[in-house]
Each structure stands twice: as C-alpha cells, then as structure tokens.
Amino acid sequence: DGGITQSPKYLFRKEGQNVTLSCEQNLNHDAMYWYRQDPGQGLRLIYYSQIVNDFQKGDIAEGYSVSREKKESFPLTVTSAQKNPTAFYLCASSINRADTQYFGPGTRLTVL
Amino acid sequence: RKEVEQDPGPFNVPEGATVAFNCTYSNSASQSFFWYRQDCRKEPKLLMSVYSSGNEDGRFTAQLNRASQYISLLIRDSKLSDSATYLCVAYMIKAAGNKLTFGGGTRVLVKP
C-alpha cells in the first residue's frame, strides 16, 4: 500500500531530552513537511524539504531540526531548546510544493 | 490579520440540512486552494481541490470568489458523519517562498 507513516503514535519526553519523530513515505513524493498543531489551532509549518539533502525553515523552526538523507524519510528532532514541545506533530508529503499534501497519522508528543 | 481566516464555529447543523461556510485569504496572488477534513485527534484528509471557479463532489461544493478573496464550502443533505473540522488551505505566492497556508479550521457538528 502506498502511504505515509509516522512513528511512534504517542511519545512522552522528560524535560531536557531530545526526541526524534519518524516520517516515511513510499509515494515517491519529492516534497515533505513537518507541522505542529496545538489544541483548537491550525497547522503551523516547522520545516519542509523539496528534495533530498535540502530543507528549509518554516514559520516555527526554533528548537527543531530535520534531515533529508533519503527521499522516503524526513525525521524531525525536537530538541531541549523547544520550550513548549507538547503538541500533535503531523508529517506530510506532496509531489511538489504547489500540489496536494497527504498527511501521516501524526505523533502526539507530551513533555512530562 | 491572518493570511487564511476561518470562522471557528461550531456550526450546529440538523441532519439533512445544508450548511455553508467561508474562508478568506489575504494574498491575491494565491493560485490554488484546498479543503481538508480533520476528525478529532486524527490527521487532515483531502476533501477537494479548487483550482478555478469551483468544484463539486457529491454533496460537497466549493466555490472560489477571487474578487472578494474567499472560498466557500457547502455541504448538502448533511450526515452525522460529516461532523468534523474543515480546514481551508491556500497556496500562496510570496517573495520569501511559495507555500501552502492553513486556516484555523471550521468545526461542524451535525445533530440528529
């Protein structure tokens, strides 16, 4: 089945720890994205990548880092510098930046 | 002013009724638009794309008014399963880089 997967579904982190969220797609899409969604809020763009080995900051990149070593994979690291990391994290992919984005099921991160 | 604005609702709709709501966008150069549906604690899923004046898919109709810079979504013969948050998305042309911008969502509750 073609699709986009994220893991884990739920993640708990202690303050001061870095955690990495996985995102994999087998849709052969060039562009991939990371969004953050807070309760009752819209999606805010953290980072995006239009091609392998290239990525750009979105609107709220501080405290986050990404890599794009493979076309299929776009992991997001939430660092200890992110002061309020508890949120729902969504990964998406698209053929290109202007095209429809398809979302993974999300990772719900909670900082204890 | 937000780049993409939506009435957060909720719109309480009797089952079988018609409901319509708008989304306004600030960038007149926006080229394409999308409506996504998001169920509680789930990922957004594409409902329809809007590239020209509008689009229709079964009970759902989207219309684009470029002069007034808004798109609307109309749901006919509402079903209980239509209860969700509807996200409006605009593909914006910007000097800093083109991107998809999400509205905060409109919540619809269909009741028996």
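Chain identifiers are assigned alphabetically (A, B, ...) following the order of the sequence lines, protein sequences preceding nucleic acid strands; residue numbering begins at 1 within each chain. These numbers were taken from a predicted model, which means no experiment stands behind them.
Within residues 103-112 of chain B, the residues that have a heavy atom under 4.5 Å from a heavy atom of chain A are Gly103(B), Gly104(B), listed by number. Listed by sequence position, the residues of residues 72-87 of chain A in contact with chain B number zero, using a 4.5 angstrom heavy-atom cutoff. Contacts of residues 33-49 of chain B with chain A at a heavy-atom distance below 4.5 Å involve Phe34(B), Tyr36(B), Gln38(B), Arg41(B), Lys42(B), Glu43(B), Pro44(B), Leu46(B), Ser49(B), listed in sequence order.
In this structure, the portion of Tyr35(A) lying under 4.5 Å from any heavy atom of chain B is its side chain and not its backbone. Arg44(A) does not touch chain B: none of its heavy atoms, backbone or side chain, sits under 4.5 Å away. Leu43(A) touches chain B through backbone and side chain together, each having a heavy atom under 4.5 Å away.
Taken to the nearest 0.5 Å, the CZ atom of Phe102(B) stands 5.0 Å off from the CD atom of Gln101(A).
Using a 4.5 Å cut-off between side-chain heavy atoms of Ile, Leu, Val, Met, Phe, Trp and Tyr, with links allowed through other members, Leu45(A) and Phe55(A) fall into different hydrophobic clusters. In the hydrophobic clustering of this structure, Phe12(A) does not group with Phe88(A); members are Ile, Leu, Val, Met, Phe, Trp, Tyr whose side-chain heavy atoms approach within less than 4.5 Å, directly or through other members. Leu80(B) and Ile75(B) fall within a single hydrophobic cluster, where Ile, Leu, Val, Met, Phe, Trp and Tyr side chains are chained together by heavy-atom contacts under 4.5 Å. Residues Leu90(A) and Tyr48(A) share a single hydrophobic cluster, defined by chaining ILVMFWY side chains whose heavy atoms lie under 4.5 Å apart. Cluster annotation: Trp34(A) and Ile60(A) are assigned to the same hydrophobic cluster (Ile/Leu/Val/Met/Phe/Trp/Tyr, side-chain heavy-atom contacts under 4.5 Å, transitive).
Partners of Thr101(B) by side chain to side chain contact (heavy atoms under 4.5 Å, CB included), not counting sequence neighbours, listed by chain and number: Glu3(B), Val4(B), Met92(B), Lys99(B).
For chain B, the option among Tyr33(A), Tyr102(A), Phe103(A) with the highest count of heavy-atom pairs below 4.5 Å is Phe103(A).
Counting non-hydrogen atoms of neighbouring residues, nucleotides and ligands closer than 6.0 angstrom, the CD atom of Gln50(A) exceeds 12 such neighbours.
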